[in-house]
Engineer: 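Here it is, the structure in full.
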Amino acid sequence: MRNTAKLTTAAVAFGALALGLTACGSGKDSASADHNGPLIVAASPTPHAEILNFVKDHLAKKAGLDLEVKEFQDYIVPNTATEDGSVGANYFQNQPYLDDFNKKRGTHIVPVVTVHLEPLGLYSHKVKKADALKSGATVAVPNDAVNEARALKLLADDKLITLKSGVGNEATPQDIVKNPKHLQFKEVEAAQTPRSLDDVDAAVVNGNYAISAGLKPAKDALVLESPKNNPYGNFLAVKQGNENDPRVKKLAKLLTSPEVKKFIEDKYQGSVIPSF
């Protein structure tokens with residue numbers, strides 16, 4: 001992946017988690033191997049951990065599920081922790097991102113059930129409409145391979161740029177064949193895109209980071225992804241071989257329950273959309 005940013009808070013949190021699990025005396029695979037213990041799920045804070053905590057607080061006990069939620073700010077540690085067994089599952093990503101991650105890092109993470117879509121959006125503190133961007137405007141985009149390609153596709157769908165025919169989930173600014181506004185692109189870590197809004201003319205921000213920054217995608221985005229035929233739904237994932245863990249099956253059922261659908265619709269008001 002092109003994302004080479006140093007891990008700070010998330011890495012520290014992961015280290016503490018790993019130490020805690022080792023102290024239990026079960027080894028690094030304890031979180032996934034002990035089907036009688038709590039299911040530890042790594043998640044981005046918003047909306048993933050919020051959805052999981054709703055399940056934990058309102059649904060899990062009745063279903064006989066002991067659920068523990070661990071929050072991470074980045075897009076790397078949740079998968080590596082799932083791979084090495086420090087956590088039993090994760091909930092933060094979409095299929096194109098996971099495919100790219102598994103390919104480049106040799107991991108064996110697989111989806112279990114798709115829960116929601118966070119529409120990617122273009123935001124600005126300087127203009128009210130996308131077509132008001134001036135010639136030479138700077139646009140921040142996520143620097144990981146899949147989310148950058150997704151961001152560029154969003155801009156192409158709004159006719160701000162034209163991408164090379166047939167380019168897929170590895171598109172970069174070098175694949176732009178028409179750029180009538182001569183937009184300049186600044187590649188930053190996905191989590192930093194909302195913070196970049198004061199330094200650039202516009203930024204393409206993932207839905208979870210937009211919500212965490214106080215943005216309302218359904219209201220504030222200049223351009224927003226359509227949910228129709230969208231491949232970027234976020235899902236519960238595990239290391240291959242753990243799909244039949246009874247705890248995972250219980251959580252998958254709860255995450256696609258009518259109660260969770262209502263929670264998502266009521267809390268996020270279109271900024272997060274149920275995918276079931």
Side-chain angles (χ1 to χ4, degrees), residues 1-11 13-15 17-18 28-29 31-32 40-49 51-52 69-120 141-154 167-172 175 187-193 204-209 212 225 230-243 245 248 251-252 255 275:
M1 292 175 63
R2 290 190 295 278
N3 188 344
T4 58
K6 299 290 185 181
L7 299 180
T8 55
T9 304
F14 171 60
L17 171 60
K28 73 175 184 178
D29 290 327
S32 58
I40 304 174
V41 183
S44 298
T46 306
H48 308 80
I51 295 170
L52 287 169
V69 182
K70 294 291 184 181
E71 296 185 12
F72 294 89
Q73 292 287 346
D74 80 302
Y75 284 171
I76 298 174
V77 178
N79 273 337
T80 56
T82 304
E83 178 73 13
D84 72 19
S86 297
V87 300
N90 68 57
Y91 174 33
F92 77 100
Q93 65 192 319
N94 57 54
Q95 190 68 59
Y97 178 85
L98 177 59
D99 289 344
D100 180 76
F101 193 99
N102 280 335
K103 178 181 178 181
K104 292 183 176 179
R105 293 182 177 264
T107 47
H108 308 86
I109 313 300
V110 295
V112 176
V113 65
T114 301
V115 182
H116 76 269
L117 171 72
E118 302 162 23
L120 198 73
V141 294
N143 68 353
D144 63 90
V146 171
N147 281 306
E148 182 170 56
R150 185 181 174 190
L152 294 174
K153 184 179 184 302
L154 175 71
V167 69
N169 292 325
E170 295 184 355
T172 72
D175 295 304
E187 298 169 307
V188 301
E189 185 181 359
Q192 302 303 316
T193 50
V204 180
V205 183
N206 290 74
N208 61 318
Y209 292 131
S212 295
E225 276 183 324
N230 196 304
Y232 296 104
N234 284 204
F235 47 67
L236 180 70
V238 298
K239 185 176 182 179
Q240 189 173 21
N242 292 332
E243 300 95 319
D245 181 332
V248 171
L251 180 56
L255 282 172
S275 297

Engineer: Would D99 and N169 count as a side chain to side chain contact (heavy atoms under 4.5 Å, CB included) here? Give the steps.
Structural biologist: CA-CA 10 Å; D99 289 344; N169 292 325; over 6 Å; no
Engineer: Does some side-chain heavy atom of V238 sit less than 4.5 Å from a side-chain heavy atom of V110?
Structural biologist: yes
Engineer: Would you indicate whether the side-chain heavy atoms of E148 and N143 approach each other to under 4.5 Å?
Structural biologist: no
Engineer: Look at the side chain of E118 and the backbone N and O of N208, then say whether any donor-acceptor pair between them is shorter than 3.5 Å.
Structural biologist: yes
Engineer: Return the minimal non-hydrogen interatomic distance between I109 and N102, and the atom names on each side.
Structural biologist: O-ND2, 2.8 Å
Engineer: Is there a side-chain contact between V41 and V69 in this structure, where contact means two heavy atoms from C-beta onward sitting under 4.5 Å apart?
Structural biologist: no
Engineer: Strictly by modelled atom types, are T107 and N79 linked by a side-chain donor-acceptor pair under 3.5 Å?
Structural biologist: no
Engineer: Hey, could you give me the CD/CD distance between E187 and E189, rounded to the nearest 0.5 Å?
Structural biologist: 13.0 Å
Engineer: Which heavy atom of D144 sits nearest to which heavy atom of A190, and what is that distance?
Structural biologist: OD2-CB, 4.0 Å
Engineer: With a 4.5 Å heavy-atom cut-off, do V146 and N94 have their side chains touching?
Structural biologist: yes
Engineer: Which heavy-atom pair separates A42 from V87 by the least distance, and what is that distance?
Structural biologist: CB-CG2, 4.1 Å
Engineer: Decide yes or no for Y91 and V112: does some side-chain heavy atom of the first lie under 4.5 Å from some side-chain heavy atom of the second?
Structural biologist: no
Engineer: Say whether N147 and N206, considering side chains only, have a donor N or O and an acceptor N or O under 3.5 Å apart.
Structural biologist: yes
Engineer: Using 30° and 60° as the class boundaries, would you call the ring planes of F92 and Y75 parallel, tilted or perpendicular?
Structural biologist: tilted
Engineer: Can you name the closest pair of heavy atoms from V141 and T193 and give their distance?
Structural biologist: C-CG2, 4.2 Å
Engineer: Are H116 and P47 side-chain neighbours, meaning at least one heavy-atom pair lies under 4.5 Å?
Structural biologist: yes
Engineer: Taking the side chain as every heavy atom from C-beta outward, state whether L152 and D175 have any pair of such atoms under 4.5 Å apart.
Structural biologist: no
Engineer: Which value, rounded to the nearest 0.5 Å, describes the distance between L117 atom CG and F235 atom CZ?
Structural biologist: 12.5 Å
Engineer: Roughly how far apart are T46 OG1 and Q73 CD, rounded to 0.5 Å?
Structural biologist: 8.0 Å
Engineer: Verify, without hydrogens or angle tests, whether K239 (side chain) and E83 (backbone) share a donor-acceptor contact under 3.5 angstrom.
Structural biologist: yes
Engineer: Does E225 use its side chain to pair, donor to acceptor, with the backbone of L120 at less than 3.5 Å?
Structural biologist: yes
Engineer: Identify the heavy atoms of A43 and A49 that sit nearest to each other, and give their distance.
Structural biologist: CB-N, 3.9 Å
Engineer: Aromatic ring centroids of F72 and H48 under 6.0 Å?
Structural biologist: no
Engineer: Do the side-chain N and O atoms of D245 and N242 include a donor-acceptor pair separated by under 3.5 angstrom?
Structural biologist: no
